[in-house]
Amino acid sequence: MKLLFTLTLLLITMSCWAEDEFVNTFEIDAGHVTKIADLISRYYLGELKLDSSSAQKELNNAAQQLDKMTKNFSEDPLLYFIKGLNYGLLSAHYKLSDDKRFYRSLNNKIEAYKKAIQLDNKKHLLLSATAYATMKYGLPEKYKIKATQKELKQGGSGDNESQYWYLHWNNINNLQKAGRYPEAQQALKNMQQELADEGLNSSPYTTISTQAKTNLNKAIKKQNKALEKSASKAAKTSANNPLDTNSLIIMIIAITSFLAFIGTVFYEFKIKKRK
Amino acid sequence: MYLNPKIFFIVLFTFCSWQNVLAADNVLRVISSADPQSRAAHSFIIVPNEKFIPSGIKNNSAHKMLALQIPFIVELEKKLANNINIQWQVNIPSRLYGRIKILSKFSGSFKKQAEKIIWQSDLLKKDIYDRQKLVFRPKPPPHKPSIYKKGRGPKNKRRQYGGGTRQLNDQLFNPHLKYQITATLFNNKGLKEVYNTVIEMDKKDMIRQEYINHYEIKRYGRGNNGHLSVPLRDEISEIPKMHSKLTGNPLTESKYKLLVDDGMHELANTITDIYEKSKKQRKNKPLYDLNGKALPAPNCKLWLSGGWRNPERNEWYSNALNGMHQRGGAVDIIVTEPPGDIKSAIAYWVLWQALEDNKHRLNAFWQLETHGRPMRTDEFKNDFEPKNGIPDAFDKADHLHANIKYTVK
């Protein structure tokens with residue numbers, strides 16, 4: 001009897017503990033999908049092995065359920081996030097064994113994450129900074145930038161101050177790499193302003209903004225140099241080519257005038273002949 | 001040389017007052033704690049009666065139970081004439097400190113004065129038992145762990161760590177409990193002598209009190225109980241100097257300017273040495289990516305992002321209630337490249353490989369983490385988030401966590 005009681009208590013405790021995985025990891029209440037979300041989280045955290053036979057069955061079951069749910073609740077970014085997380089794990093599982101399924105899962109993950117990012121567009125974001133931090137890896141550039149910016153908007157997800165300021169650098173660097181220099185410069189200004197507002201102008205964190213600024217200025221300088229080079233190349237090319245635009249226009253006028261003259265002469269000749 | 005009489009008397013008066021203050025310290029004997037070091041500093045910790053809390057937090061400490069809190073005893077060590085009456089007063093500077101429980105047999109009363117609470121005894125004549133000794137216990141409100149809201153708050157401002165649960169002290173330490181005790185002597189003519197002393201939690205005991213307050217509590221009402229030992233006073237020390245090649249924060253960002261160092265300083269230094277050496281070596285012997293392409297050697301330094309955390313600070317920053325950052329045996333390190341950039345990934349890979357190659361030098365455990373979770377084994381082999389020839393573990397890493405190997409949990 002005692003053993004049964006202890007076992008029951010243990011099971012209850014375990015189930016309570018298991019119910020917290022998703023909310024503990026991503027700081028979002030998964031509501032009616034808590035059970036699936038917790039299971040997926042346990043694989044995500046490495047508590048359950050991805051290379052086990054049960055992994056394939058459980059994750060595929062979860063995928064089927066989530067596919068159905070996203071059809072019924074097609075505007076819910078949380079469902080798409082969990083779906084993407086699951087497909088990400090499936091792709092990691094199949095990577096070891098099955099290329100076709102691997103690429104399909106990977107693609108499904110990316111599409112689910114893209115959808116989650118698109119749908120979470122109200123003033124108060126639903127998905128947490130940790131969710132965005134999880135999604136951004138491996139996404140196309142535009143979505144990676146959006147995810148990073150939303151992670152920043154949510155105040156970052158790191159467990160120390162440094163990671164927040166490095167996240168700012170992440171954002172600036174992403175924009176810089178995408179060639180979106182005006183936005184990168186604005187992002188840098190925002191970072192510097194935030195450092196000042198929080199009274200951190202004498203802190204070690206200013207070295208991060210200084211480094212970000214140095215890198216950005218280098219990139220802009222490089223781009224300007226490249227533009228100058230290509231502009232001067234274009235100017236040189238047109239100088240060596242005899243048939244530039246002006247010459248062409250003059251030629252056309254000359255030919256047209258000549259043809260008009262021939263036409264006039266021919267017309268007068270015809271009239272004289274009639275007479 | 002002419003001496004102005006006015007100045008002379010001012011100096012004489014000041015000197016005598018100062019002597020009186022010094023005399024007060026000698027006349028009032030204070031027992032604030034069973035710990036001799038706390039007692040010498042007129043400091044204390046509060047140990048709840050019903051709890052047995054272990055002390056000695058370092059790996060090699062001799063662990064024993066914390067002594068229970070003894071009451072404060074303030075004794076006037078001066079023989080009083082029969083015509084001298086004595087009145088005791090205890091000033092509690094903030095209502096947030098709670099009240100006190102008087103254990104002496106004579107009576108008194110509490111009154112509020114702005115933000116203060118004052119307890120004052122009756123005028124004690126010669127026949128009052130043990131009137132020259134005031135015995136009392138502190139009675140602060142119990143600690144409740146905070147459920148912090150993170151992210152952004154009103155006006156889109158980022159919510160920041162605010163210095164602890166109760167912020168009782170204007171320097172944002174907590175709890176900073178303080179009691180000002182006065183013994184006033186009256187004769188028949190009403191003339192007074194006044195003796196003052198202060199019993200105040202110093203920084204070391206404030207740190208220790210945080211560990212006591214977090215013992216056997218749950219974070220957000222769920223999960224494991226706190227079960228860390230309370231540091232001994234000797235285990236709390238000044239912040240050591242950083243390695244010259246290690247940038248970033250000091251070994252603690254805590255406002256106490258003290259820390260528990262159970263090997264984290266040495267660990268940080270060793271990791272930095274290993275990395276710097278490896279950086280040089282990689283110039284001639286590069287790392288190759290998964291496609292066989294030689295990777296450029298990193299040029300960046302390491303950045304210390306986390307060392308020792310006092311429990312209140314840990315309550316904000318971490319999910320780990322009993323984590324090693326509170327034990328002074330762990331460090332978090334970042335590479336100084338933009339996160340998510342290929343240069344960052346290469347630097348983490350170089351760092352990781354350097355540590356793996358130097359396992360014999362490090363009696364430590366380390367792992368790469370991303371947003372609070374360790375990398376899974378498969379992430380060290382996979383290359384699709386993103387696909388760039390570098391294992392995903394290094395692409396996604398946002399810091400390296402390292403800690404000394406603990407033999408005692």
Side-chain angles (χ1 to χ4, degrees), chain A residues 16-17 19-20 24-25 27 43-46 49-51 88 91-93 95-96 102-103 106 109 125 128-130 133-134 136-139 144 148 151 153-164 166-167 169-174 176-177 194 197-198 203-205 207-208 211-212 215, chain B residues 150-153 156-161 219-220 222-224 247-250 253 300 303-307 309 314 316-320 323 325 332 334-341 343-344 369-379 381-388 392 395-396 398-399:
Chain A
C16 290
W17 170 68
E19 276 169 12
D20 293 338
N24 279 346
T25 309
E27 295 168 330
Y43 279 107
Y44 176 72
L45 294 168
K49 298 279 176 221
L50 271 175
D51 56 1
S91 61
H93 170 79
K95 181 78 179 77
L96 302 165
F102 161 69
Y103 282 110
L106 186 65
K109 175 201 99 163
L125 298 174
S128 63
T130 312
T134 307
K136 65 188 180 186
Y137 300 105
L139 284 181
K144 186 170 86 168
T148 306
E151 185 187 349
K153 189 175 178 189
Q154 289 292 63
S157 63
D159 57 4
N160 54 62
E161 271 296 290
S162 301
Q163 283 177 299
Y164 177 70
Y166 270 85
L167 181 62
W169 193 8
N170 186 187
N171 181 38
I172 296 162
N173 190 61
N174 285 345
Q176 175 192 313
K177 287 265 151 90
E194 216 174 318
D197 289 344
E198 293 188 18
S203 72
Y205 307 119
T207 58
I208 306 171
Q211 191 61 58
N215 288 4
Chain B
K150 292 199 191 175
R152 297 203 183 265
N156 205 36
K157 225 182 157 190
R158 189 170 69 107
R159 287 193 178 95
Q160 284 181 279
Y161 170 60
R219 286 286 306 281
Y220 303 103
R222 57 172 187 257
N224 293 330
T247 58
N249 293 311
E253 290 185 88
C300 60
W303 172 289
L304 184 79
S305 58
R309 276 187 225 125
N314 191 70
W316 168 268
Y317 279 113
S318 174
N319 287 330
H325 284 282
D332 288 337
I334 296 180
V335 299
T336 55
E337 293 287 0
D341 190 278
K343 284 185 182 170
S344 167
E369 294 188 11
T370 181
H371 304 94
R373 72 154 177 100
M375 293 299 170
R376 301 187 307 267
T377 320
D378 63 282
E379 289 171 308
K381 297 173 196 157
N382 295 343
D383 176 28
F384 52 85
E385 291 185 301
K387 190 166 177 58
N388 58 2
D392 292 341
D395 288 314
K396 295 197 255 187
D398 63 23
H399 72 276

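In this text, all values refer to a predicted model and were calculated from it rather than measured experimentally.
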- Task: With side chain to side chain contact (heavy atoms under 4.5 Å, CB included) as the test, would you mind laying out the steps for A:Glu198 and B:Arg158 before giving the verdict?
- Result: CA-CA 9 Å; A:Glu198 293 188 18; B:Arg158 189 170 69 107; 2.8 Å; yes
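- With respect to chain B, the highest number of heavy-atom pairs below 4.5 Å among A:Ala212, A:Gly155, A:Ser162 belongs to A:Ser162.
- Counting heavy atoms from C-beta on, the side chains of B:Asp341 and A:Lys177 come closer than 4.5 Å.
- Comparing B:Thr370, B:Thr377, B:Ile334 by how many heavy-atom pairs each has under 4.5 Å with chain A, the most go to B:Ile334.
- For A:Asn160, the parts sitting under 4.5 Å from any heavy atom of chain B are the backbone and the side chain alike.
- By the 4.5 Å heavy-atom criterion applied to side chains, A:Tyr137 and B:Asp392 are not counted as neighbours.
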- Please lay out, stage by stage, how B:Arg376 and A:Leu50 fare under the test side chain to side chain contact (heavy atoms under 4.5 Å, CB included). CA-CA 9 Å; B:Arg376 301 187 307 267; A:Leu50 271 175; 3.7 Å; yes
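- Between chain A and the residues B:Pro339, B:Ser344, B:Gly306, the largest count of heavy-atom pairs under 4.5 Å involves B:Pro339.
- Taking 4.5 Å as the limit, some side-chain heavy atom of A:Pro204 sits within range of a side-chain heavy atom of B:Trp303.
- Considering A:Thr25, A:Leu45, A:Thr130 in turn, A:Leu45 is the only one that fulfils the side-chain contact (heavy atoms from CB on, under 4.5 Å) rule with B:Arg373.
- Contacts between A:Ala129 and chain B at a heavy-atom distance below 4.5 Å are absent for every atom of the residue.
- A distance of 7.0 Å separates CD of A:Gln211 from OG1 of B:Thr336, quoted to the nearest 0.5 Å.
- Heavy-atom minimum distance, A:Tyr205 versus B:Glu253: OH-OE1, 2.6 Å.
- Neither the backbone nor the side chain of B:Glu379 comes within less than 4.5 Å of any heavy atom in chain A.
- When each of A:Asn171, A:Asn170, A:Asn215 is scored by its heavy-atom pairs under 4.5 Å with chain B, the top score falls to A:Asn170.
- Annotation: the span from B:Asn249 atom CG to A:Glu161 atom CD amounts to 8.5 Å, rounded to 0.5 Å.
- With a 4.5 angstrom heavy-atom cutoff, A:Gln176 does not touch chain B via any of its atoms.
- Contact annotation for A:Tyr164: only side-chain heavy atoms (C-beta onward) come within less than 4.5 Å of a heavy atom of chain B.
- Atom CG of residue B:Asp378 and atom OH of residue A:Tyr43 lie 12.5 Å apart, to the nearest 0.5 angstrom.
- Here the side chains of B:His371 and A:Thr134 are not in contact, with every heavy-atom distance at 4.5 Å or above.
- With chain B as the partner, the residue from A:Leu139, A:Ile208, A:Thr148 showing the most heavy-atom pairs under 4.5 Å is A:Ile208.
- Heavy atoms closer than 4.5 Å to chain A are found in both the backbone and the side chain of B:Asp398.
- The CZ atom of B:Phe384 lies 10.0 Å from the OH atom of A:Tyr103; values are rounded to the nearest 0.5 Å.
- Considering every non-hydrogen atom in both A:Tyr166 and B:Val335, the closest pair reads CE2-O, 3.6 Å.
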